[in-house]
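Start at 1 with the first residue, then count along the sequence. As a basis for the values below, the full set of heavy atoms in this structure was taken, side chains included, without hydrogen atoms, waters or symmetry mates.
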Amino acid sequence: MRKESKFNVTIFSNLLSILVSIFISFVITKYFVEYIGKEAYSYYPIANNFSTYFSLFFVAINISSSRYIVIKYLNNEIKEAQSYYTTIFVSCVILSLFVFSLEMLFYFNLSGILNIPNNLLRDVKTLFLLIFLSSICHGIGASFNAIYYVKNRMDLYGISVIAENIVKGILMLVLYISKSIGLISLGYIILISTIIRYLFSINFSSKYMKEIKFDLNTFSIIKLKSILKTGIWAIVSNSGNIIILNSELILSNTLIGIESSSELSLIQPLMTLCLLLGNTITVMLEPLMIESIATNKYDEIKKIRISLMCLLYIPIVLVMTLNKHLYAIWLPKENNVVLYNLTFLMCLQILFSFINYMSFSAITTLLREKIKGIGFIVSTVLYVCLIILLNKKLALDNYHIIFAGIISYVLYFVIFIPLCAKKLLKETNKKVNLIYLKDYFCILVTMLINVLVAKIIPLNNILLFMIMCLVCACVDYVIVLHAYKIKPSEMIKSVK
């Protein structure tokens, strides 16, 4: 397969996997809320959030593992690559047993940690058990993901995710027809689909990576130490972001109540959409971003910022400002005004996490992961202190919890990261600062216009909603063209 064709297939398969994931997420939310109620459904995203916390134990291994295998493989050091592969797999298995034991301790004390009605306790505990088993599959299966990087076949990764979501869809359809929808059945759907995904990964590994096989004799403690040394600060820098974003739903349940957390759980599919989009776009652009910063290529930086604006910032702004109409169509029985306000604030928080990604990449370029880790520790401590203070002084609600998250994100992403990047680069580039100002201007103006359009135009069906989204997007992109003083052809070229 030619390089360009492979790249196109990779993009198509990964974008398709995202679309399928989001579609399934929306369908799950709608039908499970309808059949079991939003209070019961809220424990599904809560279980996922706790599972994400436990997955932090795997970050140190997974974030560096593929890098070591790829480097050795490309240098034709097959035995060394095989040693890293075996070391990572054995480490993941041992770590999975340790993590599962921690999850079981949490499982047996679940009723004392969360507010759970007695009539839902059995179902909720079974759901958590199945989600935890799914997370262990992710932990062990992650070692097989090396195939996608070693062979540069991210299209295969997209195929495995698509297969996972197709299985989810089929099982959901079976449950819908048989009218057997419940929390426990949802847990089984997640576990089975996860197993299917990693069966695909195992199959791809045995088919396309035959030269690298598991051999217990090649396990190396020294290699494990080098992997952990590289990844330890990655745990810290990732944990701050995960703790804040994933704790809001849990805090809502434990500090406020089930009704409050059930409202917050309904906005999770849109939050997942924004995060998936943000992570996908920034991962694709990061190599270009790092190279442009390292070589101080202003024109390339400008193109990347325009791409971020078009592919990431504008879509998040659209979700922020137009979601009220979507909720009215998607979840008509719920209070769409409350859901709109919560979504707006959560999207604002996510937007702050991506807005200064260029500075974030600059710190990565200069190998200063420790700085990012320390910043996340400080922002997380600040977040916890704000929650404690608000809980003591006020009648805590969802808005207060999200507000605390926004403050910590502003201090970290909008103030701390740019200042650190400026100091590390040892120079102030006025052109780069001007791009930042243009970004803020575009986001603010598009936000105001979209809010105005959403208030003026009443909508009651999905077709009109899609037309309104298209019109707002076109207006937003015209604003970008004028702000950056570029032609449409230049913007399309930058994005392409």
Interatomic distance, CD1@Ile170 vs CD1@Ile196, rounded to 0.5 Å, equals 9.5 Å
With sequence neighbours left out, the residues meeting side-chain hydrogen bond (donor to acceptor under 3.5 Å, both in side chains) with Tyr340 are none
(message) Is there a side-chain contact between Lys324 and Tyr327 in this structure, where contact means two heavy atoms from C-beta onward sitting under 4.5 Å apart?
(response) no
Across all chains, not counting sequence neighbours, the side chain to side chain contact (heavy atoms under 4.5 Å, CB included) partners of Leu386 are Leu382, Ala404, Ile407
So CG of Asn450 and SG of Cys472: to nearest 0.5 Å the spacing works out to 4.5 Å
Across all chains, not counting sequence neighbours, the ring-ring contact (aromatic ring centres under 6.0 Å, His included) partners of Phe352 are none
Correct closest heavy-atom pair for Ser252 and Asn398 would be OG-OD1, 2.6 Å
Correct closest heavy-atom pair for Ile316 and Leu351 would be CG2-CD1, 4.0 Å
* Would you say Asn253's side chain and Leu249's backbone share a donor-acceptor pair under 3.5 angstrom? -> no
Heavy atoms of Cys442 and Met309 approach each other most closely as CB-CE, 3.8 Å
Margin query: Does atom CZ (Phe54) have a neighbourhood of more than 12 heavy atoms from anything else shown, all under 6.0 Å?
Written below: yes
Distance col, row Tyr409:OH vs Phe354:CZ, nearest 0.5 angstrom, shows 9.0 Å
Side chain to side chain contact (heavy atoms under 4.5 Å, CB included) filter on Ala163, not counting sequence neighbours, yields Phe200
When every non-hydrogen atom of Pro315 is compared with those of Leu311, the smallest separation belongs to CG-O, 3.3 Å
Output for pair (Leu264 CG, Ile256 CD1), nearest 0.5 Å, gives 8.5 Å
Margin query: What I'd like to find out is whether the side chain of Met320 reaches to under 4.5 Å of the side chain of Met346, using heavy atoms alone.
Written below: no
Residues passing the side-chain hydrogen bond (donor to acceptor under 3.5 Å, both in side chains) test with Tyr53, sequence neighbours excluded, are none
Residues 311-320 vs salt bridge (Lys or Arg N to Asp or Glu O under 4.0 Å), sequence neighbours excluded, gives none
Let me see the working for Ser160 and Tyr148 under side-chain contact (heavy atoms from CB on, under 4.5 Å), right down to the final yes or no. CA-CA 11 Å; Ser160 69; Tyr148 307 126; 3.6 Å; yes
Here the pair of heavy atoms bringing Lys168 nearest to Ile190 is CE-CD1, 4.0 Å
Mind checking whether Tyr198 and His138 have parallel, tilted or perpendicular rings, split at 30° and 60°? perpendicular
query: Considering only heavy atoms from C-beta outward, does the side chain of Ile314 approach that of Tyr477 to under 4.5 Å?
result: yes
Under 3.5 Å donor-acceptor, His325 side chain and Leu322 backbone
no
Quick note, salt bridge (Lys or Arg N to Asp or Glu O under 4.0 Å) partners involving residues 253-276, not counting sequence neighbours, are Lys38-Glu259
*asked:* Could you check whether Tyr44 and Thr29, counting side-chain N and O atoms only, form a donor-acceptor pair closer than 3.5 Å?
replied: no
Quiz item: Passes side-chain contact (heavy atoms from CB on, under 4.5 Å), Leu266 versus Ser262? Steps please.
Solution: CA-CA 7 Å; Leu266 296 178; Ser262 64; over 6 Å; no
Item to complete: Check the pair Ser353 / Tyr412 against side chain to side chain donor-acceptor pair (under 3.5 Å), numbers first and verdict last.
Response: CA-CA 9 Å; Ser353 70; Tyr412 179 72; over 6 Å; no
* Exam field: side chain Asn323 to backbone Val319, donor-acceptor pair closer than 3.5 Å -> yes
| request: Check step by step if side-chain contact (heavy atoms from CB on, under 4.5 Å) holds for Val384 and Ile388. | output: CA-CA 6 Å; Val384 172; Ile388 294 172; 3.9 Å; yes
All heavy atoms of Leu339 vs all of Glu334, minimum pair found to be CD1-CB, 3.9 Å
| Side chains of Phe32 and Leu186: does their closest heavy-atom pair fall under 4.5 Å? | yes
So, the side chain of Ser260 versus the backbone of Gly257: is there a donor-acceptor pair under 3.5 Å, distance only?
no
One should read off an interatomic distance between Asn336 CG and Leu331 CG, to the nearest 0.5 angstrom, of 9.5 Å
**Request:** Could you tell me whether the side chain of Val471 reaches within less than 4.5 Å of the side chain of Val453, counting heavy atoms only?
**Result:** no
With sequence neighbours left out, the residues meeting side-chain hydrogen bond (donor to acceptor under 3.5 Å, both in side chains) with Asn335 are none
Salt bridge (Lys or Arg N to Asp or Glu O under 4.0 Å) pairs touching residues 157-166, sequence neighbours excluded, are Glu164-Arg197
Less than 4.5 Å apart, side chain to side chain, heavy atoms only: is that true for Phe50 and Ile131? no
Can you tell if the side chain of Leu326 reaches within under 4.5 Å of the side chain of Phe26, non-hydrogen atoms only?
yes
Applying side chain to side chain contact (heavy atoms under 4.5 Å, CB included) to Cys137 and not counting sequence neighbours gives Leu191, Thr194, Ile195
Exercise. Counting distance only, does the side-chain N/O of Tyr41 pair as donor-acceptor with the main-chain N or O of Ser265 below 3.5 Å?
Worked result: no
- Is there side-chain contact between Ser261 and Tyr43, with at least one heavy-atom pair below 4.5 Å? no
Rounding to 0.5 Å, atoms CD (Gln349) and CZ (Phe403) come to a distance of 11.5 Å
With sequence neighbours left out, the residues meeting side-chain hydrogen bond (donor to acceptor under 3.5 Å, both in side chains) with Ser247 are Tyr383
Sorted by chain and number, sequence neighbours left out, side chain to side chain contact (heavy atoms under 4.5 Å, CB included) with Asn341 holds for Val337, Tyr399
